[in-house]
There are 2 protein chains.
Amino acid sequence: MLNQQELVERMREWAVRVTPQRLAIAEVVLNSTDHPTVQQIYERVKGHFPSMTLATIYSTLGVLQKSGLIQELPFQKQSRYEPNMEPHVNLVCIECENVIDADTDPAVHDVVLGLRKQIADNSDFEVAWQRVDFYGLCPRCSEAKKRGQLSEV
Amino acid sequence: MLNQQELVERMREWAVRVTPQRLAIAEVVLNSTDHPTVQQIYERVKGHFPSMTLATIYSTLGVLQKSGLIQELPFQKQSRYEPNMEPHVNLVCIECENVIDADTDPAVHDVVLGLRKQIADNSDFEVAWQRVDFYGLCPRCSEAKKRGQLSEV
DNA sequence: ATTGGTGCAAATCGTTTGCATTATG
DNA sequence: CATAATGCAAACGATTTGCACCAAT
(Lines give C-alpha, C1' and ligand atoms only; values in the text may rest on other atoms or scores of the structure.)
Protein backbone atom coordinates (compact mmCIF):
# COMPACT_ATOMS: atom_id res chain seq x y z
CA MET A 1 0.00 0.00 0.00
CA LEU A 2 2.62 2.47 1.13
CA ASN A 3 6.22 2.01 0.09
CA GLN A 4 9.06 2.50 2.50
CA GLN A 5 9.95 5.89 1.08
CA GLU A 6 6.48 7.29 1.57
CA LEU A 7 6.36 5.68 4.97
CA VAL A 8 9.50 7.47 6.10
CA GLU A 9 8.07 10.75 4.90
CA ARG A 10 4.80 10.17 6.74
CA MET A 11 6.69 9.22 9.87
CA ARG A 12 8.90 12.29 9.80
CA GLU A 13 5.80 14.40 10.02
CA TRP A 14 4.90 13.15 13.47
CA ALA A 15 7.25 10.67 15.12
CA VAL A 16 10.35 12.40 16.29
CA ARG A 17 12.51 9.47 15.26
CA VAL A 18 12.28 6.95 12.48
CA THR A 19 13.73 3.66 13.66
CA PRO A 20 14.02 0.41 11.75
CA GLN A 21 11.72 -1.22 14.29
CA ARG A 22 9.02 1.36 13.69
CA LEU A 23 9.39 0.99 9.96
CA ALA A 24 9.02 -2.76 10.20
CA ILE A 25 5.96 -2.57 12.42
CA ALA A 26 4.33 0.11 10.29
CA GLU A 27 4.98 -1.86 7.15
CA VAL A 28 3.44 -5.01 8.60
CA VAL A 29 0.29 -3.29 9.82
CA LEU A 30 -0.23 -0.97 6.88
CA ASN A 31 0.10 -3.80 4.41
CA SER A 32 -2.13 -6.20 6.30
CA THR A 33 -5.73 -6.92 5.44
CA ASP A 34 -6.58 -9.25 8.31
CA HIS A 35 -6.69 -6.71 11.12
CA PRO A 36 -3.86 -8.31 13.06
CA THR A 37 -3.59 -8.49 16.83
CA VAL A 38 -0.47 -7.34 18.63
CA GLN A 39 0.63 -10.97 18.89
CA GLN A 40 0.27 -11.46 15.16
CA ILE A 41 2.22 -8.31 14.44
CA TYR A 42 4.87 -9.54 16.84
CA GLU A 43 5.15 -12.86 15.03
CA ARG A 44 5.41 -11.16 11.65
CA VAL A 45 8.13 -8.81 12.78
CA LYS A 46 10.31 -10.89 15.05
CA GLY A 47 11.94 -12.63 12.12
CA HIS A 48 13.69 -9.34 11.37
CA PHE A 49 14.04 -8.16 14.96
CA PRO A 50 14.35 -11.15 17.27
CA SER A 51 14.94 -8.90 20.27
CA MET A 52 11.82 -6.84 19.77
CA THR A 53 9.28 -6.92 22.59
CA LEU A 54 5.58 -6.30 22.77
CA ALA A 55 6.21 -3.02 24.58
CA THR A 56 7.84 -1.61 21.48
CA ILE A 57 4.98 -2.77 19.33
CA TYR A 58 2.38 -1.24 21.62
CA SER A 59 4.36 1.98 21.66
CA THR A 60 4.66 2.14 17.89
CA LEU A 61 1.00 1.31 17.36
CA GLY A 62 0.17 4.21 19.63
CA VAL A 63 2.27 6.53 17.50
CA LEU A 64 0.71 5.24 14.29
CA GLN A 65 -2.75 5.71 15.73
CA LYS A 66 -2.08 9.27 16.88
CA SER A 67 -0.76 10.03 13.43
CA GLY A 68 -4.02 8.89 11.92
CA LEU A 69 -2.45 6.06 9.91
CA ILE A 70 -4.19 3.23 11.71
CA GLN A 71 -7.09 2.66 14.04
CA GLU A 72 -7.23 0.45 17.09
CA LEU A 73 -10.24 -1.86 17.09
CA PRO A 74 -10.91 -3.04 20.63
CA PHE A 75 -12.58 -6.44 20.84
CA GLN A 76 -13.70 -8.46 23.83
CA LYS A 77 -10.41 -10.31 24.24
CA GLN A 78 -7.84 -8.03 22.64
CA SER A 79 -7.47 -5.24 20.14
CA ARG A 80 -6.90 -5.57 16.45
CA TYR A 81 -5.42 -2.92 14.19
CA GLU A 82 -7.06 -1.43 11.14
CA PRO A 83 -4.93 0.18 8.43
CA ASN A 84 -7.90 1.07 6.24
CA MET A 85 -8.98 4.52 7.35
CA GLU A 86 -11.48 4.91 4.51
CA PRO A 87 -15.14 4.56 5.46
CA HIS A 88 -15.95 0.89 5.09
CA VAL A 89 -17.58 -2.09 6.76
CA ASN A 90 -15.80 -4.84 8.68
CA LEU A 91 -17.22 -8.33 8.77
CA VAL A 92 -16.46 -9.98 12.09
CA CYS A 93 -17.02 -13.72 12.39
CA ILE A 94 -18.26 -14.56 15.86
CA GLU A 95 -17.10 -18.14 15.43
CA CYS A 96 -13.55 -18.05 14.04
CA GLU A 97 -13.04 -14.40 15.04
CA ASN A 98 -11.57 -13.43 11.71
CA VAL A 99 -12.14 -9.87 10.62
CA ILE A 100 -12.20 -8.81 6.98
CA ASP A 101 -13.23 -5.72 5.13
CA ALA A 102 -16.61 -6.17 3.45
CA ASP A 103 -16.35 -6.65 -0.27
CA THR A 104 -15.56 -3.17 -1.34
CA ASP A 105 -18.61 -2.22 -3.35
CA PRO A 106 -17.91 1.49 -3.86
CA ALA A 107 -21.50 2.18 -2.83
CA VAL A 108 -20.68 1.09 0.70
CA HIS A 109 -18.03 3.76 0.99
CA ASP A 110 -20.52 6.37 -0.10
CA VAL A 111 -23.26 5.13 2.18
CA VAL A 112 -20.98 5.36 5.21
CA LEU A 113 -19.85 8.81 4.10
CA GLY A 114 -23.50 9.75 3.70
CA LEU A 115 -24.27 8.57 7.22
CA ARG A 116 -21.39 10.67 8.43
CA LYS A 117 -22.65 13.73 6.63
CA GLN A 118 -26.09 13.13 8.04
CA ILE A 119 -24.67 13.17 11.55
CA ALA A 120 -22.60 16.24 10.83
CA ASP A 121 -25.61 18.14 9.52
CA ASN A 122 -27.92 17.20 12.34
CA SER A 123 -25.74 17.67 15.40
CA ASP A 124 -22.76 19.57 16.73
CA PHE A 125 -20.79 16.40 17.12
CA GLU A 126 -17.48 16.61 15.22
CA VAL A 127 -16.85 13.20 13.70
CA ALA A 128 -13.17 12.33 13.30
CA TRP A 129 -13.39 8.69 12.21
CA GLN A 130 -15.77 5.79 12.37
CA ARG A 131 -15.97 2.08 12.95
CA VAL A 132 -18.63 -0.02 11.27
CA ASP A 133 -18.67 -3.68 12.24
CA PHE A 134 -21.12 -6.35 11.14
CA TYR A 135 -21.05 -9.42 13.35
CA GLY A 136 -22.12 -12.85 12.27
CA LEU A 137 -20.93 -16.04 10.65
CA CYS A 138 -18.46 -16.13 7.80
CA PRO A 139 -19.36 -18.49 4.94
CA ARG A 140 -16.93 -21.09 6.19
CA CYS A 141 -18.20 -21.15 9.78
CA SER A 142 -21.79 -20.90 8.63
CA GLU A 143 -21.28 -24.06 6.58
CA ALA A 144 -19.49 -25.83 9.40
CA LYS A 145 -22.32 -25.00 11.75
CA LYS A 146 -24.96 -26.35 9.39
CA ARG A 147 -23.08 -29.61 8.93
CA GLY A 148 -22.46 -29.78 12.66
CA GLN A 149 -26.15 -29.52 13.48
CA LEU A 150 -26.91 -32.76 11.68
CA SER A 151 -24.62 -34.76 13.93
CA GLU A 152 -25.13 -32.83 17.13
CA VAL A 153 -25.87 -34.79 20.35
CA MET B 1 -38.42 0.55 28.06
CA LEU B 2 -39.34 -2.90 29.31
CA ASN B 3 -41.46 -3.22 32.43
CA GLN B 4 -40.67 -5.77 35.07
CA GLN B 5 -43.45 -8.10 33.97
CA GLU B 6 -42.20 -8.27 30.40
CA LEU B 7 -38.68 -8.62 31.67
CA VAL B 8 -39.56 -11.68 33.72
CA GLU B 9 -41.22 -13.22 30.69
CA ARG B 10 -38.20 -12.56 28.51
CA MET B 11 -35.92 -14.00 31.15
CA ARG B 12 -37.95 -17.16 31.56
CA GLU B 13 -37.33 -17.89 27.90
CA TRP B 14 -33.61 -18.27 28.37
CA ALA B 15 -32.17 -17.88 31.87
CA VAL B 16 -32.98 -20.91 33.90
CA ARG B 17 -33.61 -18.84 36.99
CA VAL B 18 -34.98 -15.37 37.51
CA THR B 19 -33.35 -13.82 40.57
CA PRO B 20 -33.92 -10.39 42.03
CA GLN B 21 -30.31 -9.54 41.28
CA ARG B 22 -30.73 -10.36 37.62
CA LEU B 23 -33.91 -8.37 37.44
CA ALA B 24 -32.22 -5.35 38.96
CA ILE B 25 -29.22 -5.56 36.65
CA ALA B 26 -31.37 -6.08 33.59
CA GLU B 27 -33.60 -3.19 34.52
CA VAL B 28 -30.65 -0.86 34.98
CA VAL B 29 -29.03 -1.74 31.67
CA LEU B 30 -32.16 -1.96 29.57
CA ASN B 31 -33.39 1.41 30.77
CA SER B 32 -30.06 3.16 30.36
CA THR B 33 -29.16 5.41 27.47
CA ASP B 34 -25.57 6.17 28.41
CA HIS B 35 -24.03 2.77 27.59
CA PRO B 36 -22.89 2.14 31.14
CA THR B 37 -19.72 0.35 32.13
CA VAL B 38 -19.77 -2.56 34.58
CA GLN B 39 -18.67 -0.17 37.31
CA GLN B 40 -21.53 2.18 36.58
CA ILE B 41 -24.03 -0.66 36.60
CA TYR B 42 -22.56 -1.79 39.88
CA GLU B 43 -23.02 1.65 41.41
CA ARG B 44 -26.60 1.88 40.21
CA VAL B 45 -27.52 -1.50 41.61
CA LYS B 46 -25.66 -1.72 44.89
CA GLY B 47 -28.16 0.55 46.60
CA HIS B 48 -30.65 -2.32 46.37
CA PHE B 49 -28.12 -5.14 46.74
CA PRO B 50 -25.21 -4.01 48.88
CA SER B 51 -23.68 -7.46 48.81
CA MET B 52 -23.65 -7.79 45.07
CA THR B 53 -20.26 -8.24 43.44
CA LEU B 54 -18.90 -7.53 40.01
CA ALA B 55 -18.80 -11.26 39.29
CA THR B 56 -22.58 -11.42 39.44
CA ILE B 57 -22.88 -8.44 37.15
CA TYR B 58 -20.50 -9.90 34.60
CA SER B 59 -22.37 -13.17 34.76
CA THR B 60 -25.75 -11.55 34.25
CA LEU B 61 -24.51 -9.36 31.43
CA GLY B 62 -23.30 -12.51 29.72
CA VAL B 63 -26.76 -14.03 30.00
CA LEU B 64 -28.42 -10.88 28.71
CA GLN B 65 -26.04 -10.78 25.78
CA LYS B 66 -26.60 -14.42 24.84
CA SER B 67 -30.32 -13.78 24.99
CA GLY B 68 -29.95 -11.00 22.48
CA LEU B 69 -31.24 -8.30 24.81
CA ILE B 70 -28.03 -6.32 25.02
CA GLN B 71 -24.73 -6.00 23.22
CA GLU B 72 -21.29 -5.68 24.73
CA LEU B 73 -19.31 -2.78 23.27
CA PRO B 74 -15.61 -3.32 23.92
CA PHE B 75 -13.58 -0.13 24.19
CA GLN B 76 -9.88 0.39 24.76
CA LYS B 77 -10.14 0.54 28.54
CA GLN B 78 -13.30 -1.40 29.33
CA SER B 79 -16.56 -2.54 27.85
CA ARG B 80 -19.82 -0.67 27.82
CA TYR B 81 -23.25 -2.20 27.39
CA GLU B 82 -25.76 -1.31 24.72
CA PRO B 83 -29.46 -2.02 25.27
CA ASN B 84 -30.51 -0.62 21.90
CA MET B 85 -30.38 -3.54 19.50
CA GLU B 86 -31.98 -1.60 16.66
CA PRO B 87 -29.64 -0.51 13.87
CA HIS B 88 -28.36 2.91 14.90
CA VAL B 89 -25.23 5.02 15.25
CA ASN B 90 -23.31 5.67 18.45
CA LEU B 91 -21.45 8.92 18.95
CA VAL B 92 -18.32 8.35 21.01
CA CYS B 93 -16.53 11.38 22.41
CA ILE B 94 -12.78 10.81 22.38
CA GLU B 95 -12.33 13.46 25.03
CA CYS B 96 -14.90 12.81 27.77
CA GLU B 97 -15.53 9.24 26.62
CA ASN B 98 -19.30 9.57 26.81
CA VAL B 99 -21.27 7.45 24.38
CA ILE B 100 -24.72 8.40 23.16
CA ASP B 101 -27.02 7.21 20.44
CA ALA B 102 -26.99 9.56 17.48
CA ASP B 103 -30.09 11.68 17.25
CA THR B 104 -32.54 9.16 16.03
CA ASP B 105 -33.42 10.44 12.60
CA PRO B 106 -35.43 7.49 11.29
CA ALA B 107 -33.42 7.69 8.10
CA VAL B 108 -30.33 6.55 9.97
CA HIS B 109 -32.05 3.35 10.98
CA ASP B 110 -32.96 2.67 7.38
CA VAL B 111 -29.51 3.50 6.06
CA VAL B 112 -27.89 1.04 8.43
CA LEU B 113 -30.48 -1.57 7.52
CA GLY B 114 -29.75 -0.84 3.87
CA LEU B 115 -26.04 -1.34 4.41
CA ARG B 116 -26.85 -4.62 6.08
CA LYS B 117 -28.97 -5.74 3.17
CA GLN B 118 -26.25 -4.74 0.78
CA ILE B 119 -23.81 -6.99 2.61
CA ALA B 120 -26.33 -9.83 2.75
CA ASP B 121 -26.95 -9.63 -0.99
CA ASN B 122 -23.31 -9.46 -1.99
CA SER B 123 -21.71 -12.08 0.21
CA ASP B 124 -22.38 -15.29 2.06
CA PHE B 125 -21.69 -13.65 5.37
CA GLU B 126 -24.66 -14.05 7.73
CA VAL B 127 -24.99 -10.81 9.67
CA ALA B 128 -26.44 -11.22 13.16
CA TRP B 129 -25.99 -7.72 14.56
CA GLN B 130 -23.92 -4.63 13.95
CA ARG B 131 -22.04 -1.88 15.71
CA VAL B 132 -21.72 1.55 14.16
CA ASP B 133 -19.58 4.02 16.08
CA PHE B 134 -18.64 7.54 15.08
CA TYR B 135 -15.69 8.89 17.05
CA GLY B 136 -14.99 12.53 17.61
CA LEU B 137 -15.72 15.46 19.89
CA CYS B 138 -19.06 16.04 21.53
CA PRO B 139 -20.33 19.64 21.39
CA ARG B 140 -19.27 20.25 24.96
CA CYS B 141 -15.70 19.01 24.56
CA SER B 142 -15.40 20.63 21.17
CA GLU B 143 -16.22 23.97 22.77
CA ALA B 144 -13.89 23.38 25.68
CA LYS B 145 -11.08 22.58 23.28
CA LYS B 146 -11.60 25.72 21.25
CA ARG B 147 -11.55 27.88 24.36
CA GLY B 148 -8.55 25.99 25.66
CA GLN B 149 -6.54 26.66 22.50
CA LEU B 150 -6.57 30.39 23.12
CA SER B 151 -4.78 30.03 26.39
CA GLU B 152 -2.60 27.09 25.51
CA VAL B 153 1.16 27.52 26.16
C1' DA C 1 26.06 15.42 22.47
C1' DT C 2 21.09 15.20 23.21
C1' DT C 3 17.05 13.29 23.38
C1' DG C 4 13.94 9.96 22.59
C1' DG C 5 13.44 4.74 21.63
C1' DT C 6 14.11 -0.04 22.71
C1' DG C 7 14.11 -3.98 25.58
C1' DC C 8 13.31 -6.06 29.88
C1' DA C 9 10.82 -6.72 34.04
C1' DA C 10 7.41 -5.48 37.08
C1' DA C 11 2.94 -3.46 37.84
C1' DT C 12 -1.91 -2.54 36.59
C1' DC C 13 -6.54 -3.53 36.12
C1' DG C 14 -10.64 -5.27 33.67
C1' DT C 15 -12.48 -9.67 33.43
C1' DT C 16 -12.72 -14.66 34.46
C1' DT C 17 -12.74 -18.67 37.33
C1' DG C 18 -13.33 -22.01 41.37
C1' DC C 19 -15.80 -23.07 45.12
C1' DA C 20 -18.70 -22.97 49.33
C1' DT C 21 -23.14 -21.17 50.58
C1' DT C 22 -27.77 -19.78 49.44
C1' DA C 23 -32.01 -19.52 46.91
C1' DT C 24 -35.02 -20.72 42.80
C1' DG C 25 -38.23 -23.75 40.54
C1' DC D 1 -34.89 -31.56 46.88
C1' DA D 2 -31.94 -30.75 43.01
C1' DT D 3 -29.50 -27.58 40.76
C1' DA D 4 -28.11 -23.24 39.38
C1' DA D 5 -26.85 -18.45 41.09
C1' DT D 6 -24.49 -15.48 44.28
C1' DG D 7 -20.56 -13.74 46.70
C1' DC D 8 -15.86 -13.93 47.78
C1' DA D 9 -11.15 -14.53 46.72
C1' DA D 10 -7.75 -15.92 43.75
C1' DA D 11 -6.17 -16.27 39.00
C1' DC D 12 -5.61 -14.49 34.28
C1' DG D 13 -3.90 -11.98 30.63
C1' DA D 14 -3.81 -7.91 27.71
C1' DT D 15 -1.81 -3.61 28.10
C1' DT D 16 0.99 -0.14 30.60
C1' DT D 17 4.85 1.65 33.05
C1' DG D 18 9.70 2.61 34.88
C1' DC D 19 14.17 2.53 33.92
C1' DA D 20 18.95 1.48 32.14
C1' DC D 21 21.20 1.22 27.90
C1' DC D 22 21.44 2.33 23.00
C1' DA D 23 20.66 4.80 18.69
C1' DA D 24 18.76 8.66 15.63
C1' DT D 25 19.28 13.29 14.69
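A, B, ... follow the sequence lines: proteins, then strands. Residue 1 opens every chain.
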Rounding to an integer number of Å, can you tell me how far L61(B) CG sits from dT6(D) P?
11 Å
How close or far is atom P of dC8(D) from atom CD1 of I57(B), stated in whole angstroms?
12 Å
With sequence neighbours excluded, what pairs up with K77(A) under the side-chain contact (heavy atoms from CB on, under 4.5 Å) test?
E97(A)
Is it the case that the side chain of H35(A) and the backbone of E82(A) share a donor-acceptor pair, with hydrogens and angles ignored and the cut-off at 3.5 Å?
no
Polar pairs (N or O, both sides) under 3.5 Å between protein and nucleotides 20-24 of chain C?
from    : atom 1 : to     : atom 2 : distance (Å)
dT24(C) : O2     : R17(B) : NE     : 3.4
dT24(C) : O2     : R17(B) : NH1    : 3.0
dT24(C) : O2     : R17(B) : NH2    : 3.2

Near DNA chain D, which residues from residues 40-48 of chain A have a heavy atom under 4.0 Å away?
none
Does any part of the side chain of V108(B), heavy atoms only, come nearer than 4.5 Å to the side chain of V132(B), both counted from C-beta?
no
Please determine if a side-chain N or O atom of T56(A) lies less than 4.0 Å away from the OP1 or OP2 oxygen of dG7(C).
yes
Starting from P on dC22(D), measure out to CZ on F49(A) and report it in whole angstrom.
18 Å
Which ILVMFWY residues are connected to L113(B), directly or by a chain of links, through side-chain heavy atoms under 4.5 Å apart?
none
Does S51(B) reach a base, just sugar-phosphate, or nothing at all? Heavy atoms under 4.0 Å.
sugar-phosphate
Just checking, any donor-acceptor pair under 3.5 angstrom between side chains of N98(A) and D34(A)?
no
Return the polar atom pairs (N/O with N/O) between nucleotides 10-14 of chain C and the protein under 3.5 Å, or none.
none

Hydrogens and angles aside, do T56(B) and Q21(B) bring a side-chain donor and acceptor to less than 3.5 Å of each other?
no
Measure the shortest side-chain to side-chain distance between Y58(A) and T60(A) over non-hydrogen atoms and say whether it is less than 4.5 angstrom.
no
Which whole-number value in Å describes the distance from L23(A) CG to dG5(C) P?
13 Å
For Q76(B) and dT15(D), give me the distance from atom CD to atom C1', rounded to whole Å.
10 Å
Integer-rounded Å distance: dC22(D) P and M52(A) CE:
18 Å
Most 5' of Q21(A) and E72(A) on DNA chain D, judged by nearest nucleotide:
E72(A)
When you match R80(B) and R22(A) each to their closest nucleotide on DNA chain C, which lands nearer the 5' end?
R22(A)
Sidechain-backbone polar pair: R131(A) side chain, P74(A) backbone, donor-acceptor under 3.5 Å:
yes
Any non-hydrogen side-chain atom of V89(A) less than 4.5 Å from a side-chain atom of Q130(B)?
no
Checking side-chain polar atoms at under 3.5 Å, does Q71(A) have a donor or acceptor matched by the opposite partner on Q65(A)?
no
Side chains of Q78(A) and T37(A) only: does a donor on one sit below 3.5 Å from an acceptor on the other?
no
CZ of F75(B) versus P of dT15(D): gap in Å, rounded?
16 Å
Using the C1' atoms of five pairs at each end, what's the angle between the two axes of the helix from dA1(C)-dT25(D) to dG25(C)-dC1(D), to 10 degrees?
50°
Neighbour count >12 (heavy atoms, 6.0 Å) for atom NZ, K46(B):
yes
Kindly compute the distance separating OG (S32(A)) from CD (E27(A)), expressed to the nearest 0.5 Å.
11.5 Å
Test: E143(B) and R147(B) ion pair at under 4.0 Å:
yes
